[in-house]
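Proteins get letters first, then strands, A, B, ... in listed order; numbering begins at 1 in each.
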Amino acid sequence: MSGESYKRIWEQAALIPEGMVASYGQIAKLAGLPRRGARMVGRAVGAAPSEMQLPWHRIVNAQGKIAIPEGTRRHAQQVKLLRAEGVDVKKGQLDMDRYRWDPTLDELVWGPGRLHDPGADSSA
DNA sequence: CGTGTGACTGACC
DNA sequence: AGGTCAGCCACAC
């Protein structure tokens with residue numbers, strides 16, 4: 001089958017918090033595929049069953065740009081989904097310094113194993 | 001089974 | 001900021 005790798009990629013991608021993004025390379029690395037490829041991440045998320053509700057839209061390239069060709073339906077969909085989460089997307093691009101998800105930082109702030117859940121009131 | 005390709009990336013210029 | 005180049009790797013032909 002397509003692989004154990006896909007599974008790992010899906011698992012990692014699913015961890016990206018709402019309103020944040022990760023790069024293909026970042027997910028690849030987290031999935032334990034440092035050199036095997038960011039490219040594989042693109043394939044994996046594209047092949048993910050819709051029932052899985054994978055947050056594929058939270059994955060952009062290392063430059064903070066949407067990797068899907070502009071003008072396509074999926075590109076527009078990704079922009080739409082990101083904006084719905086409060087991410088400011090301009091010209092198919094966003095600010096990585098601002099929205100990049102940093103799992104290690106998450107761990108430092110929220111504790112090992114704990115995930116930052118924006119919805120679960122920590123309420124200011 | 002060889003080639004081309006891409007929802008990538010980092011290094012250079 | 002933008003263009004080119006060489007690695008990468010699974011997949012379609």
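To the nearest angstrom, P of B:dT9 lies 14 Å from CG of A:Leu33. In this structure, NZ of A:Lys7 is placed 18 Å from P of C:dA10, rounded to the nearest angstrom. When rounded to the nearest whole Å, the span between CD1 of A:Ile59 and C1' of B:dG6 equals 16 Å. The CE-P distance, from A:Met96 to B:dC8, rounds to 14 Å in whole Å. As rounded to whole Å, 15 Å separates atom C1' of B:dC8 from atom CD1 of A:Ile66. Put simply, OH on A:Tyr24 is 9 Å from P on B:dA7, counting in whole angstrom units. Put simply, CD on A:Gln63 is 9 Å from C1' on B:dC8, counting in whole angstrom units. Nucleotide B:dC8 holds its P atom 17 Å from the CZ atom of A:Arg35, rounded to whole Å.
Scanning both residues, A:Trp101 and A:Ala22, for their nearest heavy atoms gives CE3-CB, 4.3 Å. The shortest non-hydrogen separation linking A:Met96 to A:Asn61 is CE-O, 4.2 Å.
Taking atom C1' on both nucleotides, C:dC13 is separated from B:dC1 by 12 Å, rounded to a whole Å.
A:Val45 comes within 4.0 angstrom of a base, heavy atoms only. Contacts of A:Gly46 with the nucleic acid, taken as non-hydrogen atoms under 4.0 Å apart, include base atoms.
To the nearest 0.5 Å, the span separating CD1 on A:Ile68 from CD on A:Gln78 amounts to 4.5 Å. Between A:Leu15 atom CG and A:Ile27 atom CD1 the span is 8.0 Å, to the nearest 0.5 Å. For the atom pair CG (A:Leu82) and CD1 (A:Ile66), the distance works out to 5.5 Å, reported to the nearest 0.5 Å.
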Taking Watson-Crick and G-U wobble contacts under 3.5 angstrom, with | marking pairs to another strand and [ ] crossing pairs, the secondary structure of DNA chain B is written .|||||.||||||

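For the pair A:Leu94/A:Asp88, no side-chain contact is recorded, criterion being any heavy-atom separation below 4.5 Å from C-beta on.
Checking B:dA7, C:dA10, B:dT9 against every side-chain atom of A:Ala62, the shortest atom distance belongs to B:dT9.
Residue A:Ser23 places at least one side-chain N or O closer than 4.0 Å to OP1 or OP2 of B:dT9. Note on A:Tyr6: every side-chain N or O is 4.0 Å or more away from OP1 and OP2 of C:dC9. One finds no side-chain N or O of A:Arg39 lying less than 4.0 angstrom from the OP1 or OP2 phosphate oxygen of C:dC8.
Taking the charged nitrogens against the carboxylate oxygens, A:Glu85 and A:Arg58 do have a contact shorter than 4.0 Å, which makes a salt bridge.
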